[in-house]
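Below: the structure, in structure tokens.
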2 protein chains.
Amino acid sequence: MLTDERHQLIRDRLAAEGRVLAGELASRFGVSEDTVRRDLREMAKAGQCRRVYGGAVAAAPFAAAPVSLRGGHAVEEKMRLARAAVALLSSGQSLFIDGGTTNAAIASAIPRDLELTIATNSLSVASALSDHALVELIVLGGRFDRDLGTCVGADTLAAVAQLGADLFFLGSCGLDASRGVTAFDSAEAEVKRAMARNSAGIVIAVTNDKLATAAPYRVAGPEAIRHLVVEKTAPAAILADFEHQGAEIHFA
Amino acid sequence: MLTDERHQLIRDRLAAEGRVLAGELASRFGVSEDTVRRDLREMAKAGQCRRVYGGAVAAAPFAAAPVSLRGGHAVEEKMRLARAAVALLSSGQSLFIDGGTTNAAIASAIPRDLELTIATNSLSVASALSDHALVELIVLGGRFDRDLGTCVGADTLAAVAQLGADLFFLGSCGLDASRGVTAFDSAEAEVKRAMARNSAGIVIAVTNDKLATAAPYRVAGPEAIRHLVVEKTAPAAILADFEHQGAEIHFA
DNA sequence: CTGCTTCTTGCACAAACATGCAAAACATGC
DNA sequence: GCATGTTTTGCATGTTTGTGCAAGAAGCAG
């Protein structure tokens, strides 16, 4: 087991339960308690937890986030979601992928031996796919929106209208079991709607903080979600609601 | 087994599993662990993974790839050309910029206080401009050509046809005082021709090795070149020919 | 205070590491 | 054809890093 993995697992447990015990972690990982204590000491120094007698507790969320790997937090989580999401893919499929950091992570996690046709209006998704030799990449052009990192507007809509896809990876949205998928921007929502209309199924991968949030512009109803990729620690009650609407739940 | 193949396989495993072990890769590939470590070191330097003790883990997707001025050599020269080329710009202009590493350098050299409208079919140019707040950026979409790094084809042509520009920064081409501007690829040449048709003037910035070379597909006659940006060491005889055809010469 | 657990520190050892070097494979030029 | 230079690889070398163990210090409960 890599040291880094162990740290990651400890972070997971801290996020899920708020505290960890040194002895318990030691037997779980199959290492000595000394090693766990050393891990906890390092993580505490990095501000990722607070050391207490017998183990450690989750760090205060507002205090010190010195290492923000730009693009923000939850990098590890998003990459795990991405790896789970690409498991839905198989050769020969065609995809729409829109913007958002999670979708960028998904794009870079796509195995290079899959033969896919991918259309995207996101610059970072396109960049991530630009060296996938077997991917037929279609860039959906138009006016570039700096805040979203994607192309939007009439030209983009026209480009989407000419295409169809098996799956639509819908990103950076609000998500709610009753209101469905919602977006924060009118032009953004319009493009998402067009992509949803022209694809057979919608895939959404979200971190816990996006679950049960809503934004002003409606994109698609909850019943339109075919696959929902979530963290292992996602609240079961919320997931059940989506499942009743026909969504298939996948855990990262 | 080729070094490059090995790198590719490592990237695949990283995308699929999120981590790799040096020893495991060594036995799988039938090479020494030293070789694998060298691979991982190089890939980490290129931002394709993060090195940890015992192996490597997948890199954060958003951190990497600023503007990969790959092609490696002549980086300094291209930056000098770029700085000279952006001197031609002034606020309020609209531009076409197509592909090539020199154009990517030009894009990243554009001052952030210029208010411009820029349309490009190049991913790296678009990425370089994605944080220029005053630039209205229009992405010319279409089928992405991996070798060129640009979008080409019918969709791209249609998008170009809707636009006009003051200047067209034409890149990655052959250049000859009698034959004019030529391209290596049919689809590429088509897009360049469309951009040339819809712009008032053509700007070409080239390193010495591109001067007096020709490619199969004709893009524009030598008389269409308005500005030619060259190195100080460019052969005077060749420059004189272009000057006779009406080009304005700028030295980097 | 006494006994217990948990923690830190120092140390030893093995695994992983970077570095330098030489052999082999390859391309290049005379 | 032969010499030369470059790239890649494996091996030998010291060095660094992670880990476990032991001993002492520090926290906690009765």
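A, B, ... follow the sequence lines: proteins, then strands. Residue 1 opens every chain.
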Does dC11(D) have OP1 or OP2 sitting under 4.0 Å from an N or O in the side chain of S32(B)?
no
Look at all strands and tell whether V36(A) reaches a base, only sugar-phosphate, or nothing, counting heavy atoms closer than 4.0 Å.
nothing
Interatomic distance, D4(A) CG vs dT17(D) P [rounded to whole Å]
15 Å
Consider side-chain contact (heavy atoms from CB on, under 4.5 Å). Of L40(A), L9(A), V20(A), which one does L14(A) pass it with?
V20(A)
Side-chain donor-acceptor pair present, S32(A), T35(A), cut-off under 3.5 Å
yes
For dA23(D), the nucleotide meeting Watson-Crick or G-U wobble distances (both under 3.5 Å) is dT8(C)
For T207(A) and K78(A), does a side-chain donor sit closer than 3.5 Å to a side-chain acceptor?
no
What is the distance from CZ of F29(B) to C1' of dT9(D), rounded to the nearest Å?
15 Å
For atom CZ of R37(B) and atom P of dT8(D), their distance in whole Å
19 Å
Nearest listed nucleotide, side chain of Y53(B), among dT9(D), dT16(D), dC21(D):
dT16(D)
Mate of dT2(C) where both pairing distances stay under 3.5 Å, Watson-Crick or G-U:
dA29(D)
Closest-nucleotide 5' rank along DNA chain C - winner of G54(A) and G54(B):
G54(A)
Identify the residue among R28(A), R80(A), K232(A) that makes a salt bridge (charged side-chain N to carboxylate O under 4.0 Å, His left out) with D12(A).
R80(A)
Do the ring planes of H250(B) and H227(B) sit parallel (below 30°), tilted (30 to 60°) or perpendicular (above 60°)?
tilted
For V52(B) and R38(B), take the nucleotide of DNA chain C holding the closest heavy atom to each; which residue's nucleotide lies nearer the 5' end?
V52(B)
Could you state the CG-P distance from L2(B) to dT8(D), rounded to the nearest angstrom?
10 Å
Polar pair under 3.5 Å, donor/acceptor by atom type, side chain R6(A), base dG18(D)
no
Without decimals, in angstroms, what is the distance between E33(A) CD and dA23(D) P?
18 Å
Taking atom types as modelled and ignoring hydrogens, do the side chains of D176(B) and T182(B) form a donor-acceptor contact shorter than 3.5 angstrom?
no
Could you list the donor-acceptor pairs under 3.5 angstrom formed by side chains in residues 186-193 of chain B, with sequence neighbours left out?
unit_1: E188(B); atom_1: OE2; unit_2: S172(B); atom_2: OG; d: 3.4
unit_1: K192(B); atom_1: NZ; unit_2: D98(B); atom_2: OD2; d: 2.3
unit_1: K192(B); atom_1: NZ; unit_2: G171(B); atom_2: O; d: 2.7
unit_1: R193(B); atom_1: NH1; unit_2: R218(B); atom_2: O; d: 2.5

By nearest heavy atom, map T35(A) and D34(B) onto DNA chain D; which one lands nearer the 5' end?
D34(B)
Considering only heavy atoms of chain A and a distance under 4.0 Å, specify the first and last nucleotide of DNA chain C in 5' to 3' order that meet this criterion.
dT5(C) to dT9(C)
Between dG18(D) (P) and E42(A) (CD): distance, integer Å:
7 Å
